Structures are given as structure tokens and as C-alpha cells.
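Here is the structure we will look at, set down as C-alpha cells.
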Amino acid sequence: MPQKDNTKTAAPPADRPNPERGDERYDAQSVETKWSQRWQQDAALYAAEPASDPSQPGKKKYYVLEMLPYPSGVLHMGHVRNYSIGDALARYMWMNGYNVLHPMGWDSFGLPAENAAISANVPPRQWTLGNIANMKAQMKRLGFAYDWSREVTTCLPEYYRWNQWFFLKLHEQGMAYRKKSKVNWCPKCATVLANEQVVNGCCWRHEDTLVEQRELEQWFLRITKYADELLRDLEKLGGWPEKVRIMQRNWIGRSEGTLVDFKLDYAENHKGFGPAGSTITVFTTRVDTIFGATSVQLAPEHPIVGDLTAANADLKAKVAQLIAEQRQAKETGDIGEIEKHGVFTGRYAINPYNSEKVPIWVANYILMDYGTGAIMSVPAHDERDYEFAQKYKLEIRLVILPTSNDPEETVAEPPLPFTTHDGMLINSGRYNGLGCDEAIRQMSTYAEQKGFGKATVTYRLKDWGISRQRYWGTPIPMLYCEKDGIVPVPEKDLPVILPENVDITLTGGSPLGRVPEFVNATCPRCGGPARRETDTMDTFVDSSWYFYRYTDARNARAPFDGKTAQYWFGDRGIDQYIGGVEHAILHLIYSRFWTKFMRDLGLITNDEPVERLFTQGMVIKDGAKMSKSLGNVVSPDEMVARYGADAARLYSLFAAPPDRDLDWQDSGIEGIQRFLGRVYRFVLRNASPPTSIETLLATSPSPSSGTPQVETLQATSLPPAARAIQRKLHQTIKRVSDDFQGRWHFNTCISAIMELVNVLYAAEEAIAQGAVPAPFLADVQRDLVLLLAPFAPYLAHELWGMLGEKENLLKAPWPKYDAELAKEEELEIPVQINGKLRGRVIVPADSTEKFVIERALADEKVQSAIAGKQVVKKICVPGKLLNLVVK
RNA sequence: GCCGGGAUGGCGAAAUUGGCAGACGCAGCGGACUUAAAAUCCGCAGGGGCCAAAAGCCCUGUGGGGGUUCGAUUCCCCCUCCCGGCACCA
């Protein structure tokens, strides 16, 4: 069917673009705003179907989630990249017939709102909600397909009341408790600082003021109860990047070892020790080296140090010095680099294995918050102990010799310190001759039998301190009654509303403490006066469970409905979670913990929140992370205004594989804009003319009977120009589909689509001559639009309409790959002589090895390359290459 | 120090299982269209050499050095540099 009249028509007016000449520009702005408005009118467009929709029994669910943003004011390119990945996946899954949940929300409590309140004098709530409105508009302009009916805003009472509810449950279960702990304290602000507010050991607002450590009563969540499960279940997370699993494993820091009690030596030290202070328990992973222990080392803050130094003012001063040093080093992050030193207390302890008397020291390299805060020092077999012993001329006693595989070889003394486990005990009494690991087992058992120690496991992971002396957060629902002590707020009284109009510019303690209406309450037990907790929760609480709320976001009676959550989470959690690797530890460990707690509470049945995790790379410019101070920030708004949302999104996917850092180049996005224009112009020129009476009569009456005809046409007798397009089309379908299933290298998906478009352009002359059947060409264009739809939705929707399609693009099925149609009929086989390319032969794709070799040997270039030599070996890789080895 | 990741043209990158290194795009160059420019379309293009030029041919090339292999960007060993995380963790 001749689809286009090629005879010259009257030239269009000069002021109108001429599509025949190819200068019709794609006006991304007007097309995108048109569709954006249309999508907003149809709010249900991207809504997931209900969890139990009887009309869709066989439909599989898919939960794709991007990490929710902090509403800082405007989106940055990292957001655009993150959401472009998730949105492409969501659209792809829709087109593959899944019931897709793709929600968005706001992690909207936190410090920047308070900073803004102080510097710009805007109430945090107003500032935050304003930012949300702005960023939501940006997201809509970018065309991300979120189900806004499930929007979650963590700073609103309808959300944070459930934080409070969970806190009560945690408290009920003994999982939330109060204890004294050290916090960062700025003496100038007279308030506590979050860790994030400590910059190089100084206050963020007073850069010359060192932050102090103060002891305060704080609320903690007992995450360590799950330490072992959090570690073990990492094995289940095969869909997570190995890197993240390793980071979590290190963070949890499980370490098997032995506790050993060293009794103080009373014979010489009899001054005033009670039973409580009569032993020092050390933790060691190498109890096999204990016969080489030549001192006991205490952390300067170890409780027993006070007793040991009580009688000696000079010693006390030295210890105080050590404490100060250690604290400062810790604050500035230099711990690990400070020079080791310590002081001898003048006291001794008894090694229970050999009853030997060893000196007790206090040293700055011993940390109070790991193990027991006390170690046995074995200089011969530990690097730090060795360094320390050399400095203070302590005895270095070798108790492990390296084992050799060769029994004949005489075992030489190893270079010190010798720290590996591949050894055999010497100078260790009855344990001589044992291997290290066996010795550890036997010696731990012995300690347990004799009652002076036992095998144990310690973790680096600490309980989660969630108290923040801040205003803009979830109030902790607790009361302090003089008579009844700590009393939880009854469930029926939730939410404890965060008051507004609180002056947070004043310094000194929690801002809520200065609001009498908030602080003064009634004890629910005795009815007497009570004081409210004035600290708020760490904002990581909000993000620990928000993705469950999306499944049932408007529920006013519970955080979410268990059955609904069960539908979306299944046994294995969110199908795909996408975000920055900077959350690899904190957010992702807290939410794993929260899931396990909710499971034990009976709310859900899955053990893990996230089945597959993807961490995208950073967006950088000129080799550095985008930042205001470097002046290399690229604003999404500006990109959208200049090139359009599709171009910005497509470029963020095209410039690099999504897991790698992306180096933003403005010239690169221009290329993408050109490509989109190329696609647009092709369809503009080649879409079948708008359906007229004539064409309706000419084509088959019903679309359902039309499709098979087209397929028959394709499979049998396409002319060569069309066949070339068909082949490229199916190769492209495969490349794009495979990547969605597998490695997500969308950059190469997009280049594949570009190649397809290049092939179409190359065929335009043939098309103009009618050498490509119109129904086939229409199909190709449909498929091209579908392939583009996950990446450039605006253009795809526009073209879909231009192709005469009325149905929602996302309901159209994803193009089907047909291996037969993708096959090449002829192949160009490179011919190597001794591994060097010397010629090429063109052969039918199904040629036998023999035939390829024959043709190669007949090739002129090959002949001249092997002239006078003997072919000793022929290596033929079918369809790939031929290598002739000659001598 | 330990654990990850990386290094390929002028630039962003590709090569999915050991098989033509540089797909796709940017910048560049040449041509067509235009009075001109923009836009658009077509083409060239790793580096070096032989040659007046072109065609053609040769050499060389994936951070550096070695190895395995008919064949290595890809696998193995050693080294350098860059990025990220953790770090007196006993």
C-alpha cells in the first residue's frame, strides 16, 4: 500500500516547519506539559490495583521502590538518576502485565528544617511542607509514575503516631530501654548535637569549639538482640550487592573469643579492694597465646582504674591525661593513628592458666566500648601489643611456632609479631604441641570447667540510641511520674502531637522542654502530675518501616493491614529497592531490624524487607561530587527547561551504567535531545496518515483479524530492506529485555535503540520507494515506541498517539522477541593468521566449519598471508572467527 | 593497615561465556541543503609508519611488568595510581 504521495506538493509556508525536509523540531516543552497535565487529571493512571482484586486473579505483584527523599527544597541530579531507574523498571513491569506498586513519600523530619527555621525564620513544618510541594511538582514534571494516593509524609501525625505505637510495643517487649550514655555536647550552644552535626570534632555552628562528650539518659532500642540473625540472614540476600553485605557484616562485627578472669594479686596489693573490684575480665580471640601474656592492659575509662589509682595522685593525673587524649582522638577521627602509650599502675594480676603474676597497665589504645575494656597483652603475637611492649621494654615471649608442611624442615623462629593461626603452641605447659584452633577450644573449655572464664561472642554492633534533643522529630511517648516512675503513654492517647510555634532559636536542652503545655501532663496510672519525655526520635526510625505503610497508607487504626502487606511483601520482601550506597549500613540495617521485630510481633511473616537491592552510583561533574561550594551543581529544573524531562532522564541512564558514577556533561544531554528529535521526525514522516474513511475501508475491518496477517507477512516474504529492519528490531528487543531481566545496563539498551533508529534512517529511501510494506512499518514503529516507553515516557506517549493508538501505553504488551527473526542470514567471519587479523570472508549463517575454512583459504589476502607456510592448526569458532596457525 | 570497586581514543563509554578492541553518544573534520547561519541529512575518524595523495599495506595499542592460551580488555601472579567503606575491634 503506497502510504505516502511522493509527488511534489506545494511548499509549505516559510514560517511553518517542513517535515518533508526534516526540519520539524520536536517541541519537548509543549508535548511534555500536555501529557503531564493529562496524567494528573487521571490520578488513577499509575495506581496499583488492590491487594485482593478478584478481577485480576492470575496477575503477579511487583513492588518497586526508590528510597524516599529528604525534602531539602529541590531535587538534585542524584534523585533524577535514582527515580529514572526505578520508573523505567516500573513501566517495564507494567508493560509485562504485573500489578506494580510504585509509591513515593517524604522522609520529612530532621535537622535541616530546624536550621532553616533558625536562619530563615520559617517554622519547620511550613518549610518542610513547602519543599514537599515543590519537589512533588518537580517529580510530576519529570513524569515519574508514582501512585500518589499512597504518599507517605513522615512528619505528619497520621504517620508518626505509628512510630510512637511501635515504640510502645518495643517498650512492652523490653526492646526499648533507658540508660546513661555519652552524647556530643557543644558548650557554646549548650545543647546536644547529633553525630552529623559534629564536623572535625567541632560544632557545626561554632567551628572553633571542640565538642565535648557528656553523659545523659537516653532511649535505646535493643537491636543487638537480633545481631546474630541480622548477620546470618545476610546469606539469604543474594539479590543484594556483595559490597553492601560485606559492609553490614563488618558493621555487625561478630567476633568469637574467650573471656578470662585475671584475679588481682592480693599478696602485694591489699589496699581496699572489695570482691567487686577483685577481678579483671579480659576478652581475647587468641586464648591460645595466653602463656605469652606479659601484661594486662586496661582502657583508661575502665571502672576499676579509679580503684587502682586511688592512692596515687600522680597516677590519677596521668590516667586523666590518657582519657582526654583518647576522647579527643575519637572525636577527630584520629583514633587508630595516635601514638600508643600508657602507664603502669604498680599493681599485678594473676594469669589463671599458669598462676603467673603480670603487671597491670592503663593504655590509650584500649577501647572501653569493645569487649570488656580490658585485654591481656601478648607482644609476640599481636601487632599492637608488640609495638607497645617495645616502647616500654616489656617482656616479649614467643608461645606459637609456625607449623611447616615439611616435617624435615627445622622450624625457625618467626619474625615478630607472629599473628596467624598456622602454628603450634610452645612454652604453654600442658598445651604444648597443640595447633592454635584446637588449643583455643581446649583452653576455653578448661576455663569454663574451672570457673574463671568461658567461650563467648561479641559484636561491634551496639544498641541503637534513638533519643535526640531536637524539636523536629517524633515525640517519644513516655511520661515521668514522681510516684510511678517511667510510664508509657497509653495507646489510646496516641498520637503525642508535636506542638507548633516552639521557639527553637534558644539554646540549652531539648526545645520541647521549654513548652510547658507539652511537658506538663497527667500520669495515666496515678492521675498525679507527670512530665513528658522531651526528646524526639532519631529520623532513622521513620525510614525503618515506611515501605510497609505504602501498602495501606491511609489506615487510621493500625500502621498497616497485615494481609495487605503480606500481598505486597510476599515471603521475600520488596521485589526491587533502589537507592544510594550511602545507606548501605544505617538505614538498611535498621529496617532489617524493624522487619524482624514486626515479624516477632506477628504483624508480618517475611524475615527480610528487601529481596533485591540496587545501589546506583553518584552523579559527579568535572570529576567531583556536585556541591554548591564547588559550583558544579547541575539543576534538574534547568535541564528540564532546556532539554525536557525525557532528555534529562534518558541522559541520566545513557551516560554510564547505573551502578557506576556518572560524569555529567551538558554536551551529552544535547546528543540525547537530538536523538529524541530523530525518533520524533521518523514517526512524523512515517506514521500512517490519520485514519480516514478510505484507509478504514482499505484495511481489515477488525484489528484482531489484522494482526495475524501482518505476522504472516513478516515471517515469509519481506523484501530485503524490510528484513534488515526486522532483524535489527528483534535484536534490539532482545538486548533491552535481557538487560531488564539481568544486569540493568540501560546505557547499552539505549544505544541499541539508537542503532535501531539509525537503521530506520538508513532505510528511509527504501521506505520512500515503497520497498517496506506499510503494515510492517507500522508495527516496527509501535515496537520502537514501546521499547522507548520505559526510558522516555513523554515522547513515547506522544508517538503512541501519532500512531493512532488510543489505549494506555502501559497496558500495551511489551514487544516479543523472536530469535528466528533476529537471525542474520549472512555472517562476516574474521580470519586470523596466528592470532592476527588478516582477512574476512562472508558466508551464509548456517555454513559448516569446512565451508568456512574452504572460503578462507580461497581468499586472496589469506592466501598471501600464508604463502610459503604450512597450516598446522585450524581453530574455527562457529559464527565468530577462524584462526589459522601457520609455521 | 584491612575490605570492596575502578583504570580502555580528545571526552562519556562498549565488548554479556577467552574470539574482529573502541558499538552508541559527545567534541572534531569533510560534504549536502541555505544568500548565510542555525537546524537537519550523509560521510570520515585509536595512534604511528610506507605513499605527493588516495587506495592499499605494515607496525602498534585496553595503567605497568610477567605468565597461561592458537588467541587475553577478559583468566593467573606481581606492581602503580584513583574512588568508596571500615579501622588501635583485642
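Chain letters run A, B, ... following the sequence lines, proteins first, then strands; residues in each count from 1. Remember, it's a predicted structure, so these values are computed and weren't measured experimentally.
A donor-acceptor contact shorter than 3.5 Å links the side chain of A/R397 to the backbone of A/F291.
Taking atom P in both B/U69 and B/C79, one finds a spacing of 24 Å when rounded to whole Å. B/A15 and B/G25: their P atoms are spaced 16 Å apart (whole Å). The gap from the P atom of B/C20 to that of B/C29 amounts to 33 Å, rounded to the nearest Å. Taking atom C1' on both nucleotides, B/G5 is separated from B/G63 by 16 Å, rounded to a whole Å. Rounded to whole Å, the C1' atom of B/C11 lies 27 Å from the corresponding atom of B/G49. On the C1' atoms, B/A45 is 16 Å away from B/A21, given to the nearest whole Å.
Applying the side-chain hydrogen bond (donor to acceptor under 3.5 Å, both in side chains) criterion to A/K243, with sequence neighbours excluded, gives no partner residue. Every residue two or more places apart in sequence or in another chain was checked for a ring-ring contact (aromatic ring centres under 6.0 Å, His included) with A/W240, and none qualifies. Partners of A/D27 under the side-chain hydrogen bond (donor to acceptor under 3.5 Å, both in side chains) rule, at least two apart in sequence or in another chain, are A/S30. A search for ring-ring contact (aromatic ring centres under 6.0 Å, His included) contacts involving A/Y817 returns nothing, not counting sequence neighbours. The ring-ring contact (aromatic ring centres under 6.0 Å, His included) check on A/F791 picks up A/F740, A/F746, with sequence neighbours excluded. Residues satisfying the side-chain hydrogen bond (donor to acceptor under 3.5 Å, both in side chains) criterion with A/Q731, sequence neighbours excluded, are A/E824. Every residue was checked against the side-chain hydrogen bond (donor to acceptor under 3.5 Å, both in side chains) condition with A/E849, not counting sequence neighbours, and none meets it. Remark: A/F614 engages A/W744 in a ring-ring contact (aromatic ring centres under 6.0 Å, His included) (not counting sequence neighbours).
Of the candidate nucleotides B/G12, B/U40, B/C88, B/C88 has the atom lying nearest to any side-chain atom of A/N364. Relative to the side chain of A/Y370, the nucleotides B/C89, B/C88, B/G19 differ in distance, and B/C89 lies closest. Comparing B/C58, B/G25, B/C88 against the side chain of A/R838 picks out B/C58 as the nearest. Relative to the side chain of A/I375, the nucleotides B/G12, B/A15, B/A90 differ in distance, and B/A90 lies closest. Among the nucleotides B/A13, B/G25, B/C20, the one closest to any side-chain atom of A/A656 is B/A13. When the nucleotides B/A13, B/A90, B/G19 are ranked by their closest atom to the side chain of A/K880, B/G19 comes out on top. When the nucleotides B/C24, B/A90, B/A87 are ranked by their closest atom to the side chain of A/R460, B/A87 comes out on top. Side-chain proximity of A/L881 to B/G85, B/C20, B/C57: nearest is B/C20. The nucleotide whose nearest atom lies closest to any side-chain atom of A/E670 is, among B/C42, B/A27, B/A90, B/A27. The nucleotide whose nearest atom lies closest to any side-chain atom of A/R681 is, among B/C88, B/C41, B/G25, B/C41.
In this structure, A/G253 reaches neither bases nor backbone, as no heavy-atom distance under 4.0 Å exists between it and the strands shown. Counting non-hydrogen atoms under 4.0 angstrom, A/I366 reaches a base of the nucleic acid. Across all strands shown, A/N747 has heavy atoms under 4.0 Å from sugar-phosphate atoms exclusively, and none from any base. Residue A/V885 is classed as a sugar-phosphate contact, given heavy-atom separations below 4.0 Å to backbone atoms only. As judged by a 4.0 angstrom heavy-atom cut-off over every strand, A/Y761 is placed among residues touching the sugar-phosphate backbone only. Note on A/K836: only backbone sugar-phosphate atoms sit closer than 4.0 angstrom, heavy atoms only; bases stay farther off. Within 4.0 Å (heavy atoms only), A/R678 reaches sugar-phosphate atoms of the nucleic acid but no base atom.
A ring-centre distance under 6.0 Å is found for A/W361 and A/F388.
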Atom pairs, protein N/O to nucleotides 71-74 of chain B N/O, distance under 3.5 Å:
none

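The shortest distance between the side-chain N/O atoms of A/R674 and the OP1/OP2 oxygens of B/A38 is not below 4.0 Å. At the phosphate of B/G25, OP1 or OP2 sits under 4.0 Å from a side-chain N or O atom of A/N758. Residue A/K734 has no polar side-chain atom (N or O) positioned under 4.0 Å from OP1 or OP2 of B/U16.
Side-chain contact annotation: A/R678 with A/N758, donor-acceptor N/O pair under 3.5 Å present. A donor atom on one side chain and an acceptor atom on the other are found under 3.5 Å apart for A/D385 and A/Y365.
Toward the 5' end of RNA chain B, the nearer of the two residues A/D738 and A/G371, judged by each one's closest nucleotide, is A/D738.
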Would you be so kind as to tabulate the donor-acceptor pairs closer than 3.5 Å made by side chains of residues 868-886 of chain A, with sequence neighbours excluded?
unit_1 : atom_1 : unit_2 : atom_2 : d
A/N883 : OD1    : A/G835 : N      : 3.0

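A donor-acceptor contact under 3.5 Å links the side chain of A/K340 to the base of B/C88.
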- Annotated protein contacts, base or backbone, on nucleotides 3-11 of chain B with a non-hydrogen cut-off under 4.0 Å, one of B, S, - each: SS------S
- Dot-bracket for RNA chain B, 5' to 3', Watson-Crick and G-U pairs with both distances under 3.5 Å, [ ] for crossing pairs, | for partner on another strand, reads (((((((..(((......[....))).(((((.......))))).(((((.....)))))..(((((..]....))))))))))))....
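Between the CD1 atom in A/I733 and the CG atom in A/L756 there is a gap of 8.5 Å [rounded to 0.5 Å].
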